[in-house]
Protein chains: 4
Amino acid sequence: MTDSKKSRRASGKRERLAAAAAEVLHAQGVAQTTLADIAQAAEVPVGNVYYYFKTKDELVEAAIDAHARTLGGMIAALDELPTPEERLKALLAGWVEQRELTARFGCPTGTLASELDKRADGLDRSVAAVMQTLLDWAEQQFRTMGRADARELAVALIASYQGISLLTNTFRDPGLMTTEARRLERWIDSLG
Amino acid sequence: MTDSKKSRRASGKRERLAAAAAEVLHAQGVAQTTLADIAQAAEVPVGNVYYYFKTKDELVEAAIDAHARTLGGMIAALDELPTPEERLKALLAGWVEQRELTARFGCPTGTLASELDKRADGLDRSVAAVMQTLLDWAEQQFRTMGRADARELAVALIASYQGISLLTNTFRDPGLMTTEARRLERWIDSLG
Amino acid sequence: MTDSKKSRRASGKRERLAAAAAEVLHAQGVAQTTLADIAQAAEVPVGNVYYYFKTKDELVEAAIDAHARTLGGMIAALDELPTPEERLKALLAGWVEQRELTARFGCPTGTLASELDKRADGLDRSVAAVMQTLLDWAEQQFRTMGRADARELAVALIASYQGISLLTNTFRDPGLMTTEARRLERWIDSLG
Amino acid sequence: MTDSKKSRRASGKRERLAAAAAEVLHAQGVAQTTLADIAQAAEVPVGNVYYYFKTKDELVEAAIDAHARTLGGMIAALDELPTPEERLKALLAGWVEQRELTARFGCPTGTLASELDKRADGLDRSVAAVMQTLLDWAEQQFRTMGRADARELAVALIASYQGISLLTNTFRDPGLMTTEARRLERWIDSLG
DNA sequence: TATGAATGAGTCTTCATTCAT
DNA sequence: TATGAATGAAGACTCATTCAT
């Protein structure tokens, strides 16, 4: 039976596991999280996890994918907005909305990128792809705004987000996110 | 015999261990690094480590302290420069200089902050203190420049650095650091 | 419904499983072979195996039986030949024919005997019975040749076969089987 | 610290472990033997085993080496005898002496060869080397006896031994070994 | 102080077997 | 009968920490 078949099947346990993994890994970090933790969060017996994922790494990969899909959904929603300025500001608004979670656990993409980068397996490339997606989208917005330096601006924007997420998390201060988002908003306005 | 006495003693094993720890932890991450790794890097027998550090966490703390001292030295050197603008730009220059190391392992402070935050022990507070030091120094520069929003600017600057370090590391592209530093330089000029 | 009824039934899954088991167990060894391996080889869903065999051991037993039947067929074919000398030499010829398989996996009977002997269950007795059959048949040939030491000669012959199979397998050298068979042929001639 | 250093050290636990492994593996087979079994036999805590051997396979390798050394010692002792005929017959005598052990567990070399051959790792090559040693030694004896077909005779002799060991073990009948040894003795005499 | 060795708790992973449908 | 899924009992391996000398 192929994986895709498995995932099409009834109970959706595979999805439940991936979702639980995404959440727990975000909250505890990859290294600090045991399979038992994830299994418990998904209310699945540990042994059963291996029916769906051959290794812990595969489960981590699934969590990254789940995260990528969430991000994809978010981007799709943003794309409904008429102008790039509005889209970018809506992105900022989303970040502010998440500030409490960020203060507790950091940005899910960023913390994963930071932790997985230290590892030899291919997982780091998966997170990089997620980050790339976000970067490309931002670049597209700046380009639509007519900026020749769209890539550089995109990098600056995402870097600011990743950095402020880290500080917000380090100091457990959601206010940092709010202030920085406001600053970035003004910055976007100034680029027009 | 007190710890301080110990550290004043001849062999300097304690310092060697802390320095080795700082380096290895930066390169491999805390979770992926075993005591044996550090002991080996410091050329100290594993069993002996425990004479100097009661637990692995204490050794991590020492590594953070070592890192803090390095940072302190760097700041002291910057303070020799006459104007805050020059000081801030010299900081940027330092970041660019480190870009290869950053591409491989990320910013030492940032990666530690990201990883240790997920842990219940007090280590996260130690890294936060290091980050605070940097933030305070930057704030001081902006304040000297006569900016009322010095804190906000300091946060923005450090966040940009942390974020671009993460991206530089994620994409293993030192060029990102160079470009962003140039952008930040222009930004600093624009604040005058 | 009795087992015999089951085996008389249409689908022949039971036989397919036993045959697949015989093959896979020969190739991989009992311990290295999972039920899933056998099920896959027989193209039968894992869960379904248990309808035909209550335990893995029962399936191994069936594999031994399958092997015994193959051996029985071979012996029956040999018995068509007119003289015991011809029959014994035809046996040797069969061994030589199998030399490539033997070089890769050893003698099916011998490897099973060797591995199962270490186990407490009754499976070792089943393999012993298979070996006994072969031994008895060989003894009969030597007896027909008028040898009073027929049993001893039979033991020597089968031992030579088992041993050369082991060496052929250990050194992955089918040539060993060929040479030894020729030697045994001369030996048989010398007994006349 | 190098392995050789470790093995030169006091307690000899490494040797104890290797010896225990050799014994237990012979008695139970590799797959059926857990590290805990070996640790218990050597009266060493399980966790401690890993101080001496990084993996189970390394311990198995050590057991093979231990067995190789025993064999080497035996061969050295045989070499004290004046003629190749005497040496070969002394070898046979040794086999007969071991017949009870063989009836219970088979030939240590042969059972290892049979079991390890099914595995992808290099362990099978280690056992093959042990078998090779024995083969080479026997060949040398036949050559000294002036036989041009020394290799073939050596193969035949060792094959007979491996085969009769298997039968002795399968039928749990030490008498088989005795009878076959006598036959081989006569055979050696006939080659003069 | 120094150090090789010891310890044991914790983690991943496998797999025979069972179950619900 | 058929089958995907569930379960839990091992077993290998790691590593921080402790100990004996």
Side-chain angles (χ1 to χ4, degrees), chain A residues 1 5-6 8-14 31-39 43-60, chain B residues 1 6 9-11 13-14 31-39 44-60, chain C residues 1 6 9-11 13-14 31-39 44-60, chain D residues 1 5-6 8-14 31-39 43-60:
Chain A
M1 184 174 56
K5 240 187 197 161
K6 245 180 219 170
R8 257 185 265 121
R9 287 286 173 161
S11 72
K13 214 184 262 190
R14 202 190 147 84
Q32 280 74 31
T33 301
T34 72
L35 266 186
D37 289 337
I38 298 172
E43 295 185 278
V44 166
V46 199
N48 196 10
V49 173
Y50 284 89
Y51 183 76
Y52 297 95
F53 302 96
K54 274 193 285 295
T55 64
K56 184 185 177 182
D57 277 7
E58 235 177 66
L59 184 46
V60 173
Chain B
M1 184 171 56
K6 248 182 222 170
R9 284 283 182 155
S11 71
K13 262 193 205 175
R14 195 175 208 282
Q32 279 75 32
T33 300
T34 70
L35 261 193
D37 288 338
I38 299 173
V44 167
V46 206
N48 198 9
V49 173
Y50 281 86
Y51 180 74
Y52 298 96
F53 302 97
K54 274 194 285 297
T55 66
K56 183 185 179 184
D57 278 6
E58 240 178 61
L59 185 47
V60 174
Chain C
M1 184 171 56
K6 247 181 221 168
R9 284 281 182 156
S11 71
K13 264 193 205 174
R14 195 174 209 282
Q32 279 73 33
T33 300
T34 70
L35 261 193
D37 288 338
I38 299 173
V44 167
V46 206
N48 198 8
V49 173
Y50 282 86
Y51 180 75
Y52 298 96
F53 302 96
K54 274 195 285 296
T55 66
K56 183 185 179 184
D57 278 6
E58 240 177 62
L59 185 46
V60 174
Chain D
M1 186 174 57
K5 241 187 197 160
K6 246 181 218 169
R8 258 185 264 122
R9 287 285 173 162
S11 72
K13 216 184 260 191
R14 201 189 148 84
Q32 279 75 30
T33 300
T34 70
L35 266 185
D37 288 338
I38 298 173
E43 295 184 276
V44 166
V46 199
N48 196 10
V49 173
Y50 284 90
Y51 183 75
Y52 296 96
F53 302 97
K54 274 193 285 296
T55 64
K56 184 185 176 182
D57 277 7
E58 236 177 65
L59 186 45
V60 174

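Keep in mind that the numbers below use all heavy atoms, side chains included, and drop hydrogens, waters and symmetry copies. Per chain, numbering begins at 1; letters A, B, ... match sequence-line order. For clarity, every value in this text was computed on a predicted model and none was experimentally measured.
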Please write out the pairs of protein N or O atoms and N or O atoms of nucleotides 9-12 of chain E separated by less than 3.5 Å, giving the distance to one decimal.
from, atom 1, to, atom 2, distance (Å)
E:dC12, OP1, A:L35, N, 3.2
E:dC12, OP1, A:K56, NZ, 3.3
E:dC12, OP2, A:L35, N, 3.0

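Within the 4.5 Å cutoff, no side-chain heavy atoms of A:R14 are placed close to those of A:Y51.
Between A:T33 and A:K56, the shortest heavy-atom distance links the atoms O-NZ, 2.8 Å. Closest heavy-atom contact between B:E58 and B:F53: OE1-CA, 3.7 Å. Closest of all the heavy-atom pairs between D:A31 and C:A31 is CB-CB, 3.2 Å.
Two residues, B:V44 and D:V49, neighbour DNA chain E, and the one matched to the more 5' nucleotide by heavy-atom proximity is B:V44. With DNA chain F read from its 5' end, the first of the two nearest nucleotides for D:V46 and C:N48 is the one closest to C:N48.
Atom CZ of B:R14 is separated from atom P of E:dT1 by 12 Å (rounded to the nearest Å). Nucleotide E:dT14 holds its C1' atom 12 Å from the CG atom of C:D37, rounded to whole Å. Look at CD on C:E58: it is 10 Å from P on E:dT17, rounded to the nearest Å.
Residues satisfying the side-chain hydrogen bond (donor to acceptor under 3.5 Å, both in side chains) criterion with D:N48, sequence neighbours excluded, are absent altogether. In this view, C:T55 satisfies the side-chain hydrogen bond (donor to acceptor under 3.5 Å, both in side chains) rule with no residue, not counting sequence neighbours.
Comparing F:dG4, E:dT3, E:dA5 by their closest approach to the side chain of C:P45 singles out F:dG4. Closest approach to the C:Y51 side chain among F:dT1, E:dT3, F:dG4 is made by F:dT1 (side chain taken as heavy atoms from C-beta onward).
In this model, the phosphate group of F:dA2 is approached by a side-chain N or O of C:K13 to a distance below 4.0 Å at OP1 or OP2. Between F:dA2 and C:Y52, a contact under 4.0 Å exists linking OP1 or OP2 to a side-chain N or O.
For the strand DNA chain E, secondary-structure stems (runs of at least three Watson-Crick or G-U pairs, all distances below 3.5 Å) span E:2-21 with F:2-21.
With C:I38 as the fixed residue, the side chain to side chain contact (heavy atoms under 4.5 Å, CB included) test singles out one of C:L59, C:V46, C:V49: C:L59.
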